[in-house]
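Note sheet for the following structure.
The chain is numbered in sequence order, starting from 1. Just so we're clear, the structure is a prediction, and the values are computed from it rather than from any experiment. When a ligand or atom number is given, it counts from 1 through the structure's own listing order.
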Amino acid sequence: MASSRGRKRIVVLGGGCGGVVAATHLGRKLGADHDVVLVDRQANHIFMPAFLFLMLGERRPQDISRSLSRLQKRNVKVVQSEIVGIDPSHQEVTLQKEKINYDYLIVSLGLQTRPDLVPGFAEASLHPWEMETALRLREALANFRAGRIVVGVPLGPYRCPPAPYEAQWMLDGYFRQRGIRDRVEIEYFTRDAEPAGEAHDPVVWMDTESKQRNIKQNYEFVVRSIDPEKKLVKGLYNYNLSYDLLVMVPPHRPAQVLLDSGLADTETGIRVDYNTLQTKWENVYAIGDCADMPASKAGGVAHQEADVLAHNLAVEITGKGRPVDLWLHTI
Ligand SMILES: Cc1cc2nc3c(=O)[nH]c(=O)nc-3n(C[C@H](O)[C@H](O)[C@H](O)COP(=O)(O)OP(=O)(O)OC[C@H]3O[C@@H](n4cnc5c(N)ncnc54)[C@H](O)[C@@H]3O)c2cc1C
């Protein structure tokens, strides 16, 4: 797929929160005069914040999935494929079966979960950070009648820093509703008391909220490994936590294709200009969880970045309107 002169091709990588919003705006603003192409390995957009409700049986997978093909109605061509290479020097993206050239590239590939980074994690933790494990957690919770549930977070970035706090409170509510809260102990561990990327104020009320719900908070706790046989989370300095059910967030890292192609060179993603979201490569932008921004890895952030970037690119391409500034607000 080569792009022709005058007519611009904007390629959006990723059909998650950031990619869908950016492609939708660009398709609407540019109409049939230019080409907007969105690529994702999945046929569906999955609304990940609802994984917390999925784990409690309050949503089903089909309630939180929408076919990306619906974007075709908005002048967006959708290609379902694994993205295997990105070459900014040739303005080219390699898919499984073809190469696509772009005039503008928006990268919104999120973060990938890396259970392998904590020994024992894959066998031990059931968590709502992926659809498949959220469904297994739903089963485990439904069958849980008494014992110790430990919720916790790894070092490094992960999707939605406040979500594990919400998870522990939702578990508290779930067991109260089932009338067995007095038979279920809930504990939480984290190194940093406040969720990364958020303002410092929440920590006070979050800590209070957890204590009011009788959830013990273990701060400064750094996981080294998990022993699934003995059901032990092993921390630094020989601090251990025993569990019957472990709900730990997996470590997250940039998508492999971003590491392989050299676009992401930090643990927290692709370096971007904080105002324009431009990378060091011409006409290559990154938004959402894969962008190394001083902000929470959150859908709300991805959405705001996508709004502003799509608007500013449309202004640049059409010469109509004025660019706007990026003013991020999280919680
Ligand atoms: C339990 C949970 C609760 C959350 N709660 C909230 C909340 O309350 N509020 C909030 O704002 N955010 C929340 N989030 C975070 C939010 O879901 C993410 O921050 C958001 O989805 C990031 O959007 P994104 O576009 O950057 O990446 P993603 O939504 O992760 O999308 C990335 C896309 O890229 C695709 N992709 C990746 N690599 C490739 C490849 N090589 N080839 C092809 N396709 C690829 C993936 O399939 C995916 O569709 C929550 C997340 C979780 C897990």
- Message: Looking only at protein heavy atoms, which one is nearest to atom 35 (C) of ligand 1, and what is the separation?
- Response: Asp40 OD2, 3.2 Å
- Message: Looking at Asp227 and Lys231, is any side-chain nitrogen of the basic one under 4.0 Å from a carboxylate oxygen of the acidic one?
- Response: no
- Can you find an N or O of Ile83 that's nearer than 3.5 Å to an N or O of ligand 1? yes
- Item | Non-hydrogen atoms of Ile270 and Thr279 that approach each other most closely | CG2-CG2, 3.7 Å
- Message: Just checking Arg224: does its CZ atom have more than 12 heavy atoms from other residues, nucleotides or ligands closer to it than 6.0 angstrom?
- Response: no
- Heavy atom under 4.0 Å from ligand 1: found in Ser296's side chain, backbone, both, or neither? neither
- Task: Output yes when the distance from some N or O of ligand 1 to some N or O of Trp129 is under 3.5 Å, and no in every other case.
- Result: no
- Message: Is it the case that ligand 1 has an N or O less than 3.5 angstrom from some N or O of Phe51?
- Response: no
- Message: I'd like to check whether Ala163 has a polar contact with ligand 1, where a contact means an N/O of the residue lying under 3.5 Å from an N/O of the ligand.
- Response: no
- Message: Does ligand 1 come near enough to Arg41 that some N or O of the ligand is less than 3.5 Å from an N or O of the residue?
- Response: yes
- Under a heavy-atom criterion of less than 4.0 Å, does Pro162 contact ligand 1? no
- Honestly, for Gln42 the part within reach of ligand 1 (heavy atoms, under 4.0 Å) is side chain
- Item | ligand 1 N/O within reach of Asp289 N/O, cut-off under 3.5 Å | yes
- Message: Using a 3.5 Å cut-off on N or O atoms only, is Gly18 in polar contact with ligand 1?
- Response: yes
- Message: Could you tell me if Asp40 and Gln80 have a donor-acceptor pair between their side chains, going purely by distance under 3.5 Å?
- Response: no
- Message: Surrounding CZ of Arg74 (heavy atoms of other residues, nucleotides or ligands, distance under 6.0 Å), is the total greater than 12?
- Response: no
- What class does the angle between the rings of Tyr158 and Trp129 fall in, given that below 30° is parallel, 30 to 60° is tilted and above 60° is perpendicular? perpendicular
- For Gln217 and Gln168, does a side-chain donor sit closer than 3.5 Å to a side-chain acceptor? yes
- Message: Please determine whether the number of non-hydrogen atoms from other residues, nucleotides or ligands lying under 6.0 Å from atom CD of Gln96 exceeds 12.
- Response: yes
